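Heavy-atom basis, side chains included; hydrogens, waters and symmetry copies ignored. Here the structure is a predicted model, which means the values were calculated and not measured. Each chain gets a letter, A, B and so on, in the order the sequences are listed, and its residues count up from 1.
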Amino acid sequence: MKKEEWIDEVLRSAKEITPVESNPYLATGIEAKLQQKPAAQIPVHWVYATVAAMTIILFVNISIWKTANNAPKQNSAVQQLVQEYGWASHDLYFNNSN
Amino acid sequence: MLNFRDESTFRAFIKEHQDKVFNIVLKMVQQINDAEEITQDVFVDVYRKPDAFRGGSSVTTWLYRIAMNKSIDHIRRKRKWSLFGSFNSEINQPPDFIHPGVQAENREKATFLFKAMQKLPGKQHQAWVLSEMENLSYKEISEVMNISLSSVESLLFRARQNLRKFLSGMYPGEK
């Protein structure tokens, strides 16, 4: 059988499918589903509000974390400079008096 | 407008339409258990929102519309999961669907057809099932799918072209 003929036959087979009977207990299943409460749906505006609040909290946390990390660094840079030039706080007073 | 006064009225409504809904859903989702589940969901929706039927078309058309939308949602969800669940070979390679209403001599051909239909885009898939398998007129299809007649024609033309292309790749060879 040639390819095109085979394809035509396969497509024609769509017309030769007989309807089947559905499950006789389908109605019972439907009634059981109706007994269940529909799944509670969270209102969309609450979802948006929660996402916004979480984002704000995240940003605040990041900014606090960054500030906390930067502060010791600045101090240590000053300390390093003081050590490199041999400046102690009393040295400054000593130099001024001369 | 639909009015289910009591349980028996609703049961009669289900009995009248359940086979039609089940058959169309089965041809879309190609899985008996899923088709039963979706059919139940269709009637649950009908019971909970009978006002959604405004009488512009027949009840059957309206039921087909709900069934089609639910089937397409189900297929989309399944495809999404198959993308995520690459470890699950059963989802990635579903077994060949053998429709219970196919005669033994046509079984092989119908299996190829259902396999090719899985590759069709959603709208083409719907139009093909409604036209070629359910024998609905173009007008009825346009009402179910809420599209124009020319769109129906175009969808069916493209569906046929695509199916030919897919089947061409599945040709088992000369016998």
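- Between the B:Ser131 side chain and the B:Trp128 main chain, no donor and acceptor come within less than 3.5 Å of each other.
- Among residues 48-56 of chain A, no residue has any heavy atom closer than 4.5 Å to a heavy atom of chain B.
- You'll find the side chain of B:Leu155 reaches within 4.5 Å of the side chain of B:Met145, heavy atoms only.
- The candidate with the highest count of non-hydrogen atom pairs below 4.5 Å against chain A, out of B:Asp41, B:Leu163, B:Ile24, is B:Asp41.
- Interface summary for chain A: among B:Phe43, B:Phe114, B:Phe112, the most heavy-atom pairs under 4.5 angstrom belong to B:Phe112.
- For A:Glu31, the part lying near chain B is the side chain, with the backbone staying farther off; criterion is any non-hydrogen pair under 4.5 Å.
- Taken to the nearest 0.5 Å, the CE atom of B:Met28 stands 7.5 Å off from the CG atom of B:Leu130.
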Yes or no on side chain to side chain donor-acceptor pair (under 3.5 Å) for B:Arg158 and B:Ser154, after CA distance, side-chain angles and deciding distance? CA-CA 6 Å; B:Arg158 280 185 281 143; B:Ser154 157; 3.2 Å; yes
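- No other option in A:Gly29, A:Ala32, A:Pro24 has as many heavy-atom pairs under 4.5 Å with chain B as A:Gly29.
- Between chain A and the options B:Asp19, B:Ile14, B:Val102, B:Ile32, the largest number of non-hydrogen pairs under 4.5 Å is found for B:Asp19.
- The closest side-chain heavy-atom distance from B:Val25 to B:His74 is not below 4.5 Å.
- Both the backbone and the side chain of B:Arg164 come within less than 4.5 Å of a heavy atom of chain A.
- Closest of all the heavy-atom pairs between B:Phe13 and B:Val46 is CE2-CG1, 3.8 Å.
- By number of non-hydrogen pairs under 4.5 angstrom with chain A, the leading residue of B:Lys27, B:Glu37, B:Glu134, B:Gln103 is B:Glu37.
- Inter-residue side-chain proximity for B:Leu113 and B:Met133 is flagged as met; some heavy-atom pair is nearer than 4.5 Å.
- The main-chain N or O of B:Ser148 is never found under 3.5 Å from a side-chain atom of B:Ser142 such that the two would form a donor-acceptor pair.
- Contacts between B:Leu26 and chain A at a heavy-atom distance below 4.5 Å involve the side chain alone, from C-beta outward.
- For B:Ser168, the parts lying under 4.5 angstrom from a heavy atom of chain A are both the backbone and the side chain.
- Using modelled atom types, one side-chain atom of B:Glu140 and one backbone atom of B:Ser137 make a donor-acceptor pair closer than 3.5 Å.
- Using modelled atom types, one finds a donor on one side chain and an acceptor on the other under 3.5 Å when comparing A:Ser22 with B:Gln18.
- A:Ile30 contributes atom CD1, which lies 11.0 Å from atom CG of B:Asp45 (distance to the nearest 0.5 angstrom).
- Interface check for chain A: of the options B:Asn23, B:Asn135, B:Val42, the most heavy-atom pairs under 4.5 Å are formed by B:Asn23.
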